[in-house]
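A short write-up of the structure that comes next.
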Amino acid sequence: MNDQYWYQHAIFYEVSVQSFYDSNGDGIGDLAGLTEKLDYVKALGVDCLWLIPFFESPMRDGGYDISDYRKVNPAFGSIEDFKNLVAEAHKRNLRVVIDLVMNHTSDQHPWFQAARKDRNSPYHAYYVWSDSDQVYRDARIIFLDSEKSNWAWNEETHEYYWHRFYTHQPDLNYDNPAVLQEMLGIVDFWLALGIDGFRVDAVPYLIEREGTNCENLPETHSILKKLRAFVDENFPGRVLLCEANQWPRDVVKYLGNGDEFQMAFNFPLMPRIFMALKKVDSSPIRWAMEQMPAIPAICQWGTFLRNHDELTLEMVTEEERQFMWAEYAHDHRQRLNLGIRRRLAPLLDNDQERIELAFSLLFSLPGTPFLYYGDELGMGDNIELFDRNGLRTPMQWDGGINAGFSTARKTVEPVIDSLDFPVLKVNAATAEADSHSLWHTIRKMIDLRRANPELGSPEFDWVECNDPRAAVFVRDADGQGVIAVHNLSRDSLHIKFAVSADEVKSVKDLFTGRSFEVEAGALTIDLLSSQFLWLKYSLK
Ligand code: BGC
């Protein structure tokens, strides 16, 4: 566990503690339950867990509304349970990254409770206030479906407070140095417990300035650089991962010169993988890859298909958004804010071939892949549930009661068991037992990524192919290479493309072991519907 740049060639697995496994039969997943299931996580082959917030919270935003940053939500266990989880994970060579919600607290946090009662409280200046709700008018509203304004009225002090998310999530005031100090204390607390880093939530919005859109401001970057300096100084080697849902030119700034975040989620790429699949054309992915400037050598993108949020369509044009909604969210209830609240399998017609094709793109493009729990089983979603809860339902372990998640009569959210997603079929036990399952394909991809380090490198080039329905690119580092070939269509294709290095006489598909000969400097290949190949060559 001492490779400083481990995150550049790792696989992350995102887990919601309350939905993973219930160890005490109260219907709610807990830290002890997650600990019991670490062998499953390990068997899948991932390197690092990312836990979404499990702190004390009124749980009105999936735990991203924190009322005590140092306490575990009692429904999920205790700090001892957390320490045990970290110890057991480390024993298995699994790392643990947790969420750091810097931008806002819950309105139930004692800081805000004190602040909202009294303008003279020292905590008043922890938040952002105004006598008018006409300030910072250029800041967009993020939770469009539920919020009318970024300002909310506080009756006790007769003024407005600022919130970029729900009204019950007041933004912290980073113009007040005491706030960063508090946050660094919290960072210190969790890092001292041995975690391997933080996924830092909603970072673009830390600072507000009149006349700007209040996103990505230079002052925000300087706060984040201080966070990084603190971590480097006190806990060298721990990783900071940035959640900034921004355009390429803005998102890349969060990596700084390697002195801000080590990792940032690649938000512009994600929706374009879905566009490419639907359009049967790699152009959207090409666009995203071309826009991305080179990143510092110590940094890495975090790539993903889905997570616990809606599939966000903020970083696409209006035309692209309409396309995505029309293609992937026919039912208007599937639309949320500027996104789509569906899981991966339902989005891809519950078609294993298409889901594997999407994962092949994810695993062969540059970046460190993030999996979202349950997507490896092809779990479904539930449109009837509030907000994004329909894609945070209990993990399905087996075909038994509550899919083996809990022995309680009622679970935190109902288990998904429908005609298209029968729990008897969609569960971990069945998936692990069936060597042709999606689970096994993902497991294989993870193994192959580990065995072929060029896939974790930044090296990437498109290969021109005679048929635009195929996406072909090469990942070549240190004389080792993989040519990734994807048939984006459901048709059979006969494709031909040049192999640039003269030394390459033949290539071998890493999935099937099948060899292909290079003839007159080119490869000619027949592809089945949605087929993908990872063609390995070695110049050594
Ligand atoms: C999280 C969301 C959350 C929001 C507000 C995010 O970006 O991923 O789940 O609702 O921050 O905290």
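Everything quoted here is computed from the prediction, not taken from an experiment. Quick note: numbers below take in every heavy atom, side chains included, and nothing from hydrogens, waters or symmetry partners. In listed order, ligands and their atoms are each counted from 1.
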(Q) Can you confirm whether the side chains of H109 and Y126 place a donor and an acceptor under 3.5 Å from each other? (A) no
Q | Donor on one side chain, acceptor on other, W50 and D99, under 3.5 Å | A |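 Their side chains do contain a donor-acceptor pair, which is all the 3.5 Å distance test asks for.
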Q: Kindly write out the residues that satisfy side chain to side chain contact (heavy atoms under 4.5 Å, CB included) with D47, not counting sequence neighbours, or none if the list is empty.
A: A10, I11, R450
Q | Shell of residues surrounding ligand 1, defined by a 4.0 angstrom heavy-atom cut-off that is strict | A | D61, Y64, H104, F143, F165, Q169, R199, D201, E243, H308, D309, R388, R392
Q: Kindly indicate whether a cation-pi arrangement holds for K37 with F20, taking the cut-offs as under 6.0 Å to the six-membered ring centre and within 45° of the axis.
A: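 The answer is no, since K37 fails at least one limit relative to F20.
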Q: May I ask you to establish whether R343 and Y373 are in a cation-pi arrangement, using a distance under 6.0 Å from NZ or CZ to the six-membered ring centre and at most 45° from the ring axis?
A: yes
**Q.** Qualifying residue for side chain to side chain contact (heavy atoms under 4.5 Å, CB included) with F12, from L371, T368, L49
**A.** T368
